[in-house]
> 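The structure that follows is given in the form of structure tokens.
Remember, it's 1-based here, ligands and their atoms both numbered in the order they're listed.
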Amino acid sequence: MNTRETLKINERGHLELGGKDCVELAAEFGTPLYAFDEAYIRKMMRIYKNTLDRVYEGRGMVLYASKAFSCKAIYRIADEENIGVDVVSGGELYTALSVGFPAERIYMHGNNKLDYEIGEALDAKIGCIVADACSEIDKIDAEAKKRGMVQNILLRINPGVEAHTHAFVQTATTDSKFGFSISDGTAEKVTAYALSKKNISLQGYHCHIGSQIFEKDSFALAAEKCMDFAAKMRETLNFTVKTLNLGGGFGVWYTDEDRKLPAEAYAEYLEALVAAVKEKATQKGLPLPFLLVEPGRSIVGEAGITLYTVGAIKDIPGVKKYVAVDGGMFDNPRYALYESKYTAVLANRADERPTEVVTIAGKCCESGDLIAVNVNLPKASSGDILAVLSTGAYNYSMAMNYNRNKIPPCVLVNEGKAEYIVKPQSYEDLTRNDVVPQRLTKK
Ligand code: LLP
């Protein structure tokens with residue numbers, strides 16, 4: 001097993017997360033359960049913030065990409081750590097504001113922001129909206145005018161960098177639905193268009209090349225392309241970029257096929273980005289822009305695990321062995337979507353060596369409802385507690401109620417103690433919005 005500082009095997013042979021025995025966690029809170037190590041989340045936030053402050057002399061800000069994991073507590077932690085957040089919907093914005101997250105440190109993304117979302121962002125006076133369509137520029141301008149204000153915006157540009165990741169999470173290729181392409185001249189035209197608007201103030205650009213990327217060079221290349229474009233815009237439109245947001249996307253460990261980076265190694269990604277920005281600024285005679293980065297997965301991904309109870313086990317001789325758990329694609333749809341790989345551990349027998357290769361199946365009525373395929377495990381029995389590692393990002397945030405399964409609760413572990421940050425759903429929660437028209441009521 002790949003143990004991180006957040007995970008260890010204790011003297012009882014149990015898996016421990018952030019100093020809390022996972023078998024106890026399962027007994028106290030039930031399964032399925034998402035558990036997060038607060039210390040690891042804070043550590044990652046600090047590594048990014050301190051590195052940016054150090055190598056870029058405090059002229060930047062780290063934004064936590066809250067799509068990776070959004071709930072009230074995570075915005076409180078980000079606020080306490082003095083970083084900003086990226087939100088991508090009215091719902092994420094509402095959640096952040098509901099716990100007093102400072103609006104000026106909120107950046108709003110999305111390739112098709114709805115009218116009411118733009119209105120809500122303006123009413124809250126958030127720091128910046130990242131526009132990703134001309135129609136959005138029009139709407140932001142019109143809504144800002146109505147309110148007698150000028151809204152700071154960035155334009156999402158597409159540097160055309162191919163990164164090695166799953167096609168669905170690659171975002172800055174020329175055919176992407178995201179961003180205005182630099183290479184075909186669209187980004188320049190849209191810059192001129194945005195500059196012509198009175199109630200928006202164009203601050204600069206944003207790009208995000210994709211997710212789960214380990215190649216430092218891809219990030220540096222994207223930074224260089226954005227700076228080259230900034231230099232061109234100064235020449236052709238006399239527009240000087242004040243802010244550059246280089247997105248997130250830094251990869252994390254899921255299985256031993258991935259690179260296993262100590263938390264501190266993530267500083268190197270920022271160092272590479274900053275070096276590329278500084279070098280280009282000097283080369284092109286540009287002032288250094290205010291620099292933003294938006295890590296999501298690398299802040300929460302390895303901080304989280306999911307605990308399940310093993311139920312039915314089905315051995316199809318000569319074919320495969322299914323170990324079914326009390327969760328499934330409703331709490332982790334990533335195998336169904338991307339054939340994602342995970343490492344699983346029997347939390348109550350974490351000191352035992354794996355003896356077989358199995359497929360972890362969920363409980364949904366769907367053949368593709370698998371959590372992980374071909375994982376190494378000791379021979380599992382019904383009742384064992386199974387931990388799936390590195391589920392902190394894009395699991396709870398992508399969970400759903402398929403088959404009317406309840407989305408599992410989340411607990412935060414801090415100094416060996418755990419408490420809810422998202423409570424369990426009830427059957428009432430599942431039916432809360434259901435309406436039976438009068439004519440269908442049972443007579
Ligand atoms: N900034 C923007 C504009 C983004 O679109 C994203 C992720 C991030 C930052 C954060 O990227 P991260 O550091 O988390 O890689 N559901 C997929 C991942 C989708 C990522 C979407 N955008 C998955 O489960 O792998």
> Considering distance alone, does some N or O of H109 sit under 3.5 Å from an N or O of ligand 1?
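In fact, backbone or side chain, H109 has no N or O that close.
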> Is D86 salt-bridged to K67, going by a charged N under 4.0 Å from an acidic O?
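Salt bridge between D86 and K67, a charged N being under 4.0 Å from a carboxylate O: yes.
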> What atoms of ligand 1 come within less than 4.0 Å of a heavy atom belonging to M398?
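Listed by number with element: 16 (N), 24 (O).
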> Report yes or no: is the cationic atom of R59 (NZ for Lys, CZ for Arg) under 6.0 Å from the centre of the six-membered ring of Y56, at an angle within 45° of the ring normal?
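Positive - R59 is close enough to the ring of Y56 and near enough to its axis.
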> Determine whether the side chain, the backbone, both or neither of D86 has a heavy atom under 4.0 Å from any heavy atom of ligand 1.
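For D86, only side-chain atoms sit under 4.0 Å from ligand 1.
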> For ligand 1, which atoms have a heavy atom of A65 less than 4.0 angstrom away?
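Those of ligand 1 that fall under 4.0 Å from A65 are 8 (C), 9 (C), 10 (C).
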> Not counting sequence neighbours, which residues clear side chain to side chain contact (heavy atoms under 4.5 Å, CB included) with A78? List them please.
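Residues passing side chain to side chain contact (heavy atoms under 4.5 Å, CB included) with A78: M45, I83, V85, F101.
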> Determine, for K197 against D138, whether the closest basic-nitrogen to carboxylate-oxygen distance falls under 4.0 angstrom.
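Yes, charged N to carboxylate O under 4.0 Å.
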> Any heavy atom of S298 sitting closer than 4.0 Å to ligand 1?
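Flag not set, S298 not near ligand 1.
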> Report the part of R297 (side chain from C-beta onward, or backbone N, CA, C, O) that has a heavy atom under 4.0 Å from ligand 1; answer both or neither where that applies.
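It is both parts that get close, each with some atom under 4.0 Å.
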> Going by the atom numbers of ligand 1, which of them fall below 4.0 Å from some non-hydrogen atom of Y338?
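Listed by number with element: 16 (N), 17 (C), 23 (C), 24 (O), 25 (O).
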> With atom 1 (N) of ligand 1 as the reference point, say which of K67, R156, E294 has the nearest heavy atom.
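Among K67, R156, E294, the closest heavy atom to atom 1 (N) of ligand 1 comes from E294.
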> Taking NZ, NE, NH1 and NH2 as the nitrogens, is one of them in K417 or E38 under 4.0 Å from a carboxylate oxygen of the other?
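Salt bridge absent between K417 and E38.
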> Side chain, backbone, both or neither: which applies to F178 and ligand 1 if a contact is any heavy-atom pair less than 4.0 Å apart?
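Neither; no heavy atom under 4.0 Å.
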> Show me which atoms of ligand 1 lie under 4.0 Å from any heavy atom of P295.
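Matching atoms, with element in brackets: 13 (O).
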> Can you confirm, on distance only, whether ligand 1 has an N/O atom lying under 3.5 Å from any N/O atom belonging to H206?
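By distance alone, the answer is no.
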> Salt bridge or not for K280 and E224, using N-O below 4.0 Å?
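Here K280 does not pair with E224 in a salt bridge, since their nearest N and O are not under 4.0 Å apart.
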> Looking only at heavy atoms of G249, does any of them come nearer than 4.0 Å to an atom of ligand 1?
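A heavy atom of G249 does come that close to ligand 1.
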> Backbone or side chain, does any N or O of G296 fall under 3.5 Å from an N or O of ligand 1?
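Indeed, backbone or side chain, G296 has an N or O that close.
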> For Y342 and T391, test the side chains for any donor-to-acceptor distance below 3.5 angstrom and give the result as yes or no.
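T391 and Y342 do not have a side-chain donor-acceptor pair below 3.5 Å.
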> Less than 4.5 Å apart, any side-chain heavy atom of E120 and any of Y94?
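They are not in contact (no side-chain heavy atoms under 4.5 Å apart), so the answer is no.
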> Using a strict 4.0 Å cut-off to heavy atoms of G248, name the atoms of ligand 1 that fall inside it.
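So the answer, numbered in order with elements, is 9 (C), 13 (O).
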> Does the ring center of Y34 lie less than 6.0 Å from the ring center of F69?
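No, the ring centres sit 6.0 Å or more apart.
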